[in-house]
Amino acid sequence: MAQKLQPPRGTRDFYPEELRVRSWLFAHFRAVADGFGFEEVDAPVVEHEELFTRKAGEEIVEQLYHFELHGRRLALRPEMTPSIARMVMARAGSLPLPARWFALTQNWRYERMTRGRRREHYQWNMDVWGEPRITAEAELIGAIFALLDRLGVPRDAVRMRLSSRALLEETLRAGVLARRPEAFAPLCVVIDKLDKIGADAVVDLLTDPQGKVQLARPDAQQVVDWLGLRDLETAAEGLAADAAPRAQLAELFDWLDAYGVADRVEFDTSIVRGLAYYTGTVFEAFDTARNLRAICGGGRYDRLLQTLGGPALPAVGFGFGDVVILELLQDLGSLPELPRELDAVVFAFGDAERPAAIRLAAQLRGAGERVELVLANAKLKRVLADASRSGALRVYLVGPDEVTHGEALVRDLASGEQSRHPLPV
RNA sequence: GUGGGCGUAGCUCAGUCGGUUAGAGCACCAGGUUGUGGUCCUGGGGGUCGGGGGUUCGAAUCCCCUCGCCCACCCCA
C-alpha cells in the first residue's frame, strides 16, 4: 500500500467496527462520571506551548507535538490537566467548589511506539477542584473501580498501587533533602523510573553531577531503599505520629473500605509518577499479571494552579487511557461483540413507490428508529440479503400493490413472518 | 537508536534451488428469468509480488538501497 495512504505512525483510523468498541468504552466512561455527579468539559486540542512546558525534565514535555505559526508557539495537548487548570483558573472566583469535572480527550505525544503506547490516544480524565480532604481521592478511586466493574474486568485482574509524595517529601526533608527542598520535583521524575531502569540506574541519575538532583551516593541509596518499603508504618517511621501525610493515608484506606475496594489497593512507596506537579497522593492501576503498562494513574496537585499564576486551589485527578484497557479486555476475552444496530430497512421497488417509502422512513425515524433507506432500485433478493447482513430487524417493502392498498409489507428478518404497516399519507 | 522477523488480491496466506498470461480460501460484484434473505451452484472484477536500483536472455524469487509493520532490547509515561 502506498505510504501516503497510511495514517502517520502511532495514529489510528477507526473503521465502524473499531469505532463501535471505542464508543462502547466511552459510554462506560461517561456513565460512571455521570453516576458520580461529574460534569463534562472540553478544551482545544491545540494550546499555547507554554501551558505545558515545565522544567523538571519530564518526558511528557520533551515529547510535545509543537509548531510555530505567525510567531505563536503552539502544541497539541499531551494531557488534559493543564487545559482544565486553565479553565478553572479563569473562573476561580465564581466556581462553586468543589468542582467535579471530567473530560474525554484525544492527547498527543511524540514518542517511540511500543505495546500500549501510541502517539495519539484518548483519555478519560476526572478531576476534583477545591477539595483538600482525601475524601476526594477516595471518590476518584471509587470511580475507577466502578468503571472496571462495569467493563466486566474480573475483580482480581487489576490492582491499584498508591503512595504519597507528601509522605516522601517530608521524609526526605527530614533527611537527605534537608537543605535542598527544590530538588524534590526532579527527584520524583527520576525515581519514577525505578521500575523501568532498576535501582542502580536510578542511583546513578540521582548522583549525576550534571543532573538536577545531585545527591551524595549514600543518600541516593537511602532513597532507593525507602522506595522498597511496602508498609505504611515502616515508611512513615521517620515522621511524627501525627504527621499529616501518614494520617491521611490511613484515613484514605478507611474510606476505600467503605467503597468496598480497600482490598484492591495497596500501599507502595515506589509509586511517585513522572509528572512534576503532583504534591500528595499518587496512584496507578496495573493488570495483576503485569503484562501491560499502567492502566490509569493520577494524584493530587495542590499547587498546580499557583504554578500557572492562579490562586491556591487544591485538586486531585486521574487520567485513564483507551489503549491499555482495551488491550487488557482483549487479553481477558472480555470485549463484547458489538454488531451494527439497525432497526429497519425501507425499500421502494421503483421510483413510482419511492415517495411513499421516503415518507415511511421519515415516520419511522421520527419515532426514533434507526432506518436505512435503500437508495438504488435494487432487486428484492439483494435488498433482503443486505438487510440481513446489516443486522436490521425488519424490512419494509413498498411495491405497487402496497401503495395501492396503502400498506407496506413488513418482514421480520429473524422469524420470516410478514405483517402490514399503514403507509403515511 | 540496536538486533531479529516480515512485507504477494480488501483479509489470511501459498508460490521463491530465476523460466509461459502470479495462485487459493474468505470477502466483494454479477447471474441461477415473474416480488422474498442467511445455504448452494456458476461466472467475474481486482495485484506496478511495499518502493527504487542492479545482476540476467528472463526476477515475486538473487544482490544493494529505501520505506513500512511486528518482536526483543534501549529509552520512557
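These figures come from a predicted structure and were not determined experimentally. Chain identifiers are assigned alphabetically (A, B, ...) following the order of the sequence lines, protein sequences preceding nucleic acid strands; residue numbering begins at 1 within each chain.
- Summarising the geometry, the separation between OH on A:Tyr15 and C1' on B:C11 is reported as 12 Å, rounded to the nearest angstrom.
- The distance between atom OH of A:Tyr65 and atom P of B:A77, rounded to the nearest whole Å, is 18 Å.
- With sequence neighbours excluded, no residue forms a side-chain contact (heavy atoms from CB on, under 4.5 Å) with A:Pro339.
- The same atom, P, is picked in B:C11 and in B:G47; the two are 14 Å apart, to the nearest Å.
- B:U55 is unpaired under the criterion used here, namely a Watson-Crick or G-U wobble arrangement in which both key atom distances are under 3.5 Å.
- B:G18 and B:U56 are spaced 9 Å apart, taking the C1' atom of each and rounding to whole Å.
- A salt bridge links A:Arg264 with A:Asp149: the closest approach of a Lys/Arg side-chain nitrogen to an acidic carboxylate oxygen falls below 4.0 angstrom.
- Atom CZ in A:Phe286 sits about 12 Å away from atom P in B:A77, given to the nearest Å.
- Nucleic acid contact for A:Arg293: base, since at least one base atom lies under 4.0 Å from a heavy atom of the residue.
- B:C74: no Watson-Crick or G-U partner with both key distances under 3.5 Å is found in any strand.
- Using a 4.0 Å heavy-atom cutoff across all strands shown, A:Gly297 reaches no nucleic acid atom at all.
- Separating the C1' atom of B:G68 from that of B:G51 is a span of 10 Å, rounded to the nearest Å.
- Atom P of B:G32 sits at a distance of 41 Å from the matching atom of B:U16, rounded to the whole Å.
- Rounded to an integer number of Å, the gap from CD of A:Glu111 to P of B:G1 is 15 Å.
- Atom pair A:Asp322:CG and B:A77:C1' shows a separation of 15 Å (rounding to whole Å applied).
- Remark: the separation of the P atoms in B:G35 and B:G43 is 27 Å, to the nearest Å.
- The local environment of CZ in A:Arg290 is crowded, with over 12 non-hydrogen atoms from other residues, nucleotides or ligands closer than 6.0 Å.
- Remark: B:U33 base-pairs with no nucleotide in the shown strands. Criterion, Watson-Crick or G-U wobble with two distances under 3.5 Å.
- In this structure B:G18 sits in no base pair that meets the Watson-Crick or G-U test at under 3.5 Å.
- One C1' atom belongs to B:U2, the other to B:C63, and the distance between them is 24 Å to the nearest Å.
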Would you give a per-nucleotide map of nucleotides 28-36 of chain B, 5' to 3', where B means the base has a protein non-hydrogen atom under 4.0 Å away, S means only the sugar-phosphate does, and - means neither?
-> SSSSB--BB

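- Under the 4.0 Å criterion applied to side-chain N and carboxylate O atoms, A:Arg394 and A:Asp412 are not assigned as salt-bridge partners.
- With hydrogens and angles left out, the side chain of A:Glu284 and the base of B:A77 share a donor-acceptor pair within 3.5 Å.
- For the P atoms, the distance linking B:A30 with B:A22 amounts to 27 Å, nearest Å.
- The distance between the ring centers of A:Trp124 and A:Phe26 does not fall below 6.0 angstrom.
- Two rings, from A:Phe320 and A:Phe29, have their centers less than 6.0 Å apart.
- Taking a 6.0 Å sphere around CD of A:Gln306, one finds it holds more than 12 heavy atoms contributed by other residues, nucleotides or ligands.
- Pairing for B:U48 is absent, with no Watson-Crick or G-U wobble pair whose two atom distances lie under 3.5 Å.
- When the nearest nucleotides of RNA chain B are assigned to A:Arg273 and A:Ala414 by heavy-atom distance, the more 5′-ward of the two goes with A:Ala414.
- Atom CD of A:Glu266 has more than 12 heavy atoms from other residues, nucleotides or ligands within 6.0 Å.
- Rounded to whole Å, atom P of B:C71 lies 12 Å from atom CG of A:Leu292.
- If you measure from atom CZ of A:Arg119 to atom C1' of B:C76, you get 13 Å, rounded to the nearest angstrom.
- Summarising the base pairing, B:C26 is matched to B:G10 through a Watson-Crick or G-U wobble pair whose two defining distances lie under 3.5 Å.
- With C1' as the reference atom, B:U66 and B:C75 are 25 Å apart, rounded to whole Å.
- Whole-Å rounding puts the A:Leu342 CG to B:G38 P distance at 18 Å.
- No side-chain donor-acceptor contact under 3.5 Å links A:Gln222 and A:Trp226.
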